[in-house]
Protein chains: 2
Amino acid sequence: MSRSTSSPSARGGPVTLAMVARRAGVSPQTVSNALNSPGRLRPETLERVRRAVDEMDYRPSRAAQALRTRSSRLIGYGVQPAPAATAAPVMDRFLHALSQAADEAGHRILLFAAPPGDPTLHGFEDLLGRHEVDGFVLSGTALHDPRQAWLAKRGVPFVGFGRMWSKRQIGDWVDVDGAFGTDAAVEHLVAAGHRRIGFLGWPRGSGVGDDRARGWQRAMRRHALPTRGRRVESVDDVEAASGAVKPLLDAGATAVVAASDMLALGCYQALRERDAAVGRDVAVIGFDDSPTASILSPGLASVAQPLEAVGRECVRLLLARMADADAPPERLLLEPSLVIRDSCPDTGPDPHGPPPPYGA
Amino acid sequence: MSRSTSSPSARGGPVTLAMVARRAGVSPQTVSNALNSPGRLRPETLERVRRAVDEMDYRPSRAAQALRTRSSRLIGYGVQPAPAATAAPVMDRFLHALSQAADEAGHRILLFAAPPGDPTLHGFEDLLGRHEVDGFVLSGTALHDPRQAWLAKRGVPFVGFGRMWSKRQIGDWVDVDGAFGTDAAVEHLVAAGHRRIGFLGWPRGSGVGDDRARGWQRAMRRHALPTRGRRVESVDDVEAASGAVKPLLDAGATAVVAASDMLALGCYQALRERDAAVGRDVAVIGFDDSPTASILSPGLASVAQPLEAVGRECVRLLLARMADADAPPERLLLEPSLVIRDSCPDTGPDPHGPPPPYGA
DNA sequence: TCTCAGCGTTAGATCGTTCCAAAAACAGTA
DNA sequence: TACTGTTTTTGGAACGATCTAACGCTGAGA
C-alpha cells in the first residue's frame with residue numbers, strides 16, 4: 001500500500017496509536033513500546049508494528065505526548081531587536097545553527113518577543129506557567145542580567161550564549177573566547193612585522209569589550225611591546241570611532257585591532273580622511289566578521305565567531321541539563337578564528353620612510 | 001494571598017482547572033467557560049472565578065488545550081541561512097516583527113530548519129503530521145516555489161512574505177512594492193536635477209529584481225528620459241557589480257539606482273577606482289537599507305522595506321485564513337520608503353564641466 | 001512438585017482541557 | 001400552582017498518548 005493512498009489528510013482525522021495497533025493486531029501500548037523502547041518487543045512483533053506504522057504514515061501527536069510526559073520538547077529563545085546594527089547577522093546565523101541543532105535532537109526553537117530589559121521577566125513566567133517550553137537559550141547576556149538567577153531559582157533548565165561577567169557564575173554557558181581572538185590578531189600582525197599595534201575598544205565596563213581588550217594586551221606583553229597610551233575607546237558608532245582612533249594614528253600606529261567591525265569601520269574613515277590607505281599604510285582587524293566586513297573595499301580582516309559550533313553546543317548543554325538537573329555546571333569557551341582580508345596584508349608596515357613619532 | 005506564596009512551582013504540580021474550580025466552588029467546566037466565553041456566566045460567578053484564577057496564578061496548560069482543540073497556536077517559520085550576506089539583517093528584523101505580532105495575537109513562532117530547496121518538503125510534512133503548527137509563514141519565495149501549491153493542496157493555512165512570480169497566484173501574501181521604491185528613488189533624483197540615471201540590477205529572470213527594474217523604467221519613461229543601454233546587470237557581489245557598472249559611468253551617468261545595497265557598494269568601489277566621489281560626482285541609491293548602508297561613508301541612501309508592517313500583516317492575514325479557509329485570498333503590497341543619506345545629496349549633478357558622452 | 005523471577009504483552013488509569021447534552025435555576029405568563 | 005422558555009451551571013465523555021501494575025507463560029532452583 002502506498003503512502004499517498006493512506007495519507008491521513010485524505011480522509012477522516014489523523015492516524016492514531018490505536019489505529020496502528022488495530023492494524024498490527026496488538027494493543028496500543030505495544031505500539032508505544034515499539035516506538036519508545038523497541039528492545040522490549042519480540043523482533044517479529046516489532047517488525048509487524050513497524051510495518052503498520054510505516055504503511056499508515058503514523059506520527060505521534062505532539063500535543064498528546066506533551067500532555068502525558070509533561071515535556072513539550074520546545075526550547076524558548078527570546079528575540080530582542082538587535083542592539084547594534086552589525087550584530088544582527090551574528091544573531092541570524094546563530095539562530096539558524098541553534099534551530100538546526102535542536103531539530104536534529106528532536107527539539108524545536110520557540111521564539112517569544114522579549115522586551116529588552118524587562119525586569120518582570122513576564123515572558124518567561126508565561127511560557128513556564130503554561131508548560132510551553134522545557135528550557136531556555138539566553139543570549140545577549142548583560143552585566144547584571146537577572147535572568148539566570150531567576151531561572152535557576154525555579155529549577156528551569158537554561159543555557160546562556162555568553163558567560164556571566166559578574167563574580168557569581170550561574171548555570172551552564174557557551175561563549176566565544178574574545179581574548180583569544182584579539183590575541184591571535186596581534187600575533188598575526190607581529191608576524192607580519194608590525195610593532196606599533198593600537199587597540200580601539202568599547203568603553204571599559206562591558207564584559208565582552210574588556211575581554212577583547214585583554215587579549216590584545218596579553219599578546220602585546222608577550223612580545224614585550226608597549227601598551228600604555230595605545231588603547232583608545234569609543235561607543236559602537238562609526239563617527240565616534242573615527243574620532244577616537246585619531247590619537248593612535250597621530251602617534252604612528254601601523255596597525256589597529258578593533259573590538260568590533262563597526263569600530264574598525266571608524267578606523268577606515270579616519271584613514272581615508274588623512275589620505276592613508278587601509279592595508280598598505282595601516283593594517284586594520286575587526287571583530288565579528290559581519291557581512292559588512294567581506295563587502296568592504298579593501299575587505300576587512302576580522303575575528304569570526306564559530307556560531308554554528310556555539311549553537312550546537314548550546315543545544316547539547318541544554319539537553320544534558322534537562323536530563324540531569326544536578327550535574328555539575330558545564331562552561332564552554334570556544335575559539336574564534338581570524339579571517340584575513342586585504343585590510344591586513346602579510347607584507348607588514350611600509351619599511352621605508354622615517355617612522356613617525358609613536359608614544360608619549 | 002500573594003502570588004508568590006501560591007506559586008505553582010513552590011509545592012506540588014501545576015495549578016489545574018479543577019483546583020481553581022474547587023476553590024471558587026464551581027465545576028471545572030464553569031472555570032473553562034469563564035475564560036473562553038465569559039458572557040455565559042452570571043457576573044457575580046464570573047467575578048468569583050476570576051478572583052480564584054488570579055489568587056492561584058492559574059494558567060491553562062497549552063498541551064492540554066492543544067490536544068483538545070486540535071490547535072497548537074504555533075506558526076511555523078522555516079529558517080534558511082540567509083543567501084546574500086546583506087539580507088541577513090532584513091530577515092532578522094522581519095523575524096522580530098513577526099514574533100512580536102504573533103505574541104500579541106496569542107500565537108508563537110516555531111522555527112524549523114528548512115534545508116534550502118528541499119524538494120521533499122520533509123520538514124513541513126513532519127510538522128503537520130504531528131500537529132505541531134497551525135500554519136506557516138513562508139519567506140524567500142523563489143520563482144518556481146513548490147511550497148505554496150503543496151500547502152494549498154492539503155488545506156494548510158499559510159501566508160507568504162513575497163508574492164508569487166509565476167502566473168498562477170496561490171494563497172495569501174504580503175510583499176513590498178519594489179517598483180514603487182525604485183520609482184521613488186528616480187523621482188527624488190530627477191527632482192535634484194539628475195537626468196542621466198542608470199540602473200544596476202540583478203540578471204533578468206528573478207521576480208524581485210525585475211520588479212525593481214520596472215520601477216526605475218516606469219519613472220524614467222514618465223519623465224521622458226531614455227532607458228536604453230542605461231541598465232546593466234550583475235550578480236549580488238561587490239566585485240562583479242563594480243565591473244558591471246563601469247559602462248554606465250563611462251557613458252556619463254550622474255546617478256545610479258541599484259537593486260541592492262550590495263550592488264550599490266560595487267558602484268562605490270568603481271567610483272573610488274576612478275577617483276570620483278560618491279554623492280558629489282555620482283549619486284547612488286541602494287535597496288534594503290541594510291545596516292551596512294548606514295555605516296558606510298558616505299552613508300548610502302537606500303530604499304527601506306517596512307519590515308515591521310510586513311510582519312504584522314503576515315500574522316493578520318494568516319490568522320484570518322485560519323479563521324475562514326474559504327475567504328477570498330488577500331494580497332498586500334506595502335510601500336517601502338526612501339532613506340536619504342550623503343550618497344544622494346539634494347544638490348544634484350555638478351553643473352559645470354563639459355557633460356561627458358552618454359548613450360550609444 | 002512448588003515457587004519465583006524473567007519475559008513480552010496488555011488493561012486501565014491518567015495527563016488537563018474543551019465539547020455536548022442534559023440538568024438546574026430563574027423569570028415571565030396563564 | 002403549573003407551565004413555558006430562557007439563562008446559567010454541570011456531569012460525562014472525549015482528545016491521543018504514556019505510565020503502572022499485572023497478565024499468562026516459560027524455565028530454573030529448592
Side-chain angles (χ1 to χ4, degrees), chain A residues 8-9 12-50 52-53 56-74 106 127-132 134, chain B residues 8-9 12-50 52-53 56-74 106 127-132 134:
Chain A
S9 50
V15 180
T16 72
L17 198 70
M19 295 163 72
V20 176
R22 219 170 303 134
R23 180 179 192 117
V26 294
S27 79
Q29 180 55 33
T30 300
V31 178
S32 175
N33 285 337
L35 298 168
N36 299 318
S37 32
R40 293 193 175 175
L41 269 65
R42 210 185 326 155
E44 57 204 77
T45 315
L46 181 59
E47 182 48 34
R48 192 152 39 97
V49 173
R50 284 238 171 99
V53 164
M56 303 179 82
D57 197 19
Y58 164 74
R59 296 159 209 259
S61 147
R62 264 280 143 91
Q65 285 183 317
L67 178 60
R68 186 63 245 228
T69 64
R70 303 167 158 289
S71 146
S72 63
R73 313 210 106 203
L74 293 179
L127 249 51
L128 286 172
R130 318 196 61 176
H131 296 274
E132 284 198 78
D134 293 347
Chain B
S9 51
V15 180
T16 72
L17 200 68
M19 295 163 73
V20 176
R22 217 169 303 134
R23 180 177 191 120
V26 293
S27 78
Q29 180 57 39
T30 301
V31 178
S32 177
N33 285 336
L35 297 168
N36 299 318
S37 32
R40 294 195 174 171
L41 269 62
R42 211 186 322 157
E44 57 205 77
T45 316
L46 181 59
E47 182 48 33
R48 194 152 37 100
V49 174
R50 285 238 169 100
V53 164
M56 304 179 81
D57 197 19
Y58 164 74
R59 296 159 210 259
S61 147
R62 265 280 144 91
Q65 286 183 317
L67 178 60
R68 185 65 246 226
T69 63
R70 302 169 159 290
S71 145
S72 64
R73 311 210 109 204
L74 293 180
L127 251 55
L128 286 172
R130 319 195 61 175
H131 295 274
E132 283 198 78
D134 293 347

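In what follows, chains carry the letters A, B, and so on, assigned in the order in which the sequence lines appear, proteins first and then strands, with residues in each chain numbered from 1. In what follows, every heavy atom counts, from backbone to side chain, and hydrogens, waters and symmetry copies are set aside.
- Atoms CE (B/M19) and C1' (C/dC15) sit 14 Å apart, rounded to a whole Å.
- Listed nucleotides D/dT20, D/dT9, D/dA17 differ in distance to A/Q29; the shortest reach to its side chain belongs to D/dT20.
- As rounded to whole Å, 12 Å separates atom P of D/dT10 from atom CG of B/L17.
- The separation between B/N36 atom CG and C/dT18 atom P is 5 Å, rounded to whole Å.
- Residue-level contact check: B/S61 touches the backbone only, with heavy atoms under 4.0 Å from sugar-phosphate atoms and none from bases.
- Side-chain N/O atoms of B/R70 include one lying less than 4.0 angstrom from OP1 or OP2 on D/dG16.
- Distance, B/Q65 CD to C/dC19 C1': 14 Å, rounded to whole Å.
- Nearest-nucleotide positions on DNA chain D for A/A64 and B/L41 put B/L41 closer to the 5' end.
- Nucleotide C/dT18 holds its C1' atom 10 Å from the CG atom of B/L67, rounded to whole Å.
- Distance A/N33 CG to D/dA17 C1': 12 Å, rounded to the nearest Å.
- Here B/S32 reaches the OP1 or OP2 of C/dT18: one of its side-chain N or O atoms lies under 4.0 Å away.
- Rounding to the nearest 0.5 Å places CG of A/L127 at 10.5 Å from CG of A/D134.
- A distance of 10.5 Å separates CD in B/E47 from OG1 in B/T45, rounded to the nearest 0.5 Å.
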task: Take B/L74 and A/L74 through the side chain to side chain contact (heavy atoms under 4.5 Å, CB included) test and state the conclusion after the steps.
output: CA-CA 11 Å; B/L74 293 180; A/L74 293 179; 4.2 Å; yes

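- Neither side chain, B/Q65 nor B/R73, offers a donor N or O lying under 3.5 Å from an acceptor on the other.
- Whole-Å rounding puts the B/R42 CZ to D/dT10 P distance at 10 Å.
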Criterion side chain to side chain contact (heavy atoms under 4.5 Å, CB included) on A/D57 and A/V15, from CA distance to verdict: CA-CA 8 Å; A/D57 197 19; A/V15 180; over 6 Å; no

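- Atom-to-atom distance recorded for A/T16:OG1 and A/M56:CE is 7.5 Å, nearest 0.5 angstrom.
- Below the 3.5 angstrom threshold, one finds a donor paired with an acceptor across the side chain of A/R68 and the base of C/dT14.
- Atom CG in B/L17 sits 8.0 Å away from atom CD in B/Q29 (nearest 0.5 Å).
- In this structure, A/T69 does not reach the D/dT18 phosphate: none of its side-chain N or O atoms is under 4.0 Å from OP1 or OP2.
- What separates CD of A/E132 from P of C/dG16 is a distance of 16 Å, to the nearest Å.
- The C1' atoms of five pairs define one axis at each end of the helix from C/dT1-D/dA30 to C/dA30-D/dT1, and these two axes lie 70° apart (to 10°).
- A close approach under 4.0 Å does occur between a side-chain nitrogen or oxygen of B/T45 and OP1 or OP2 of D/dT9.
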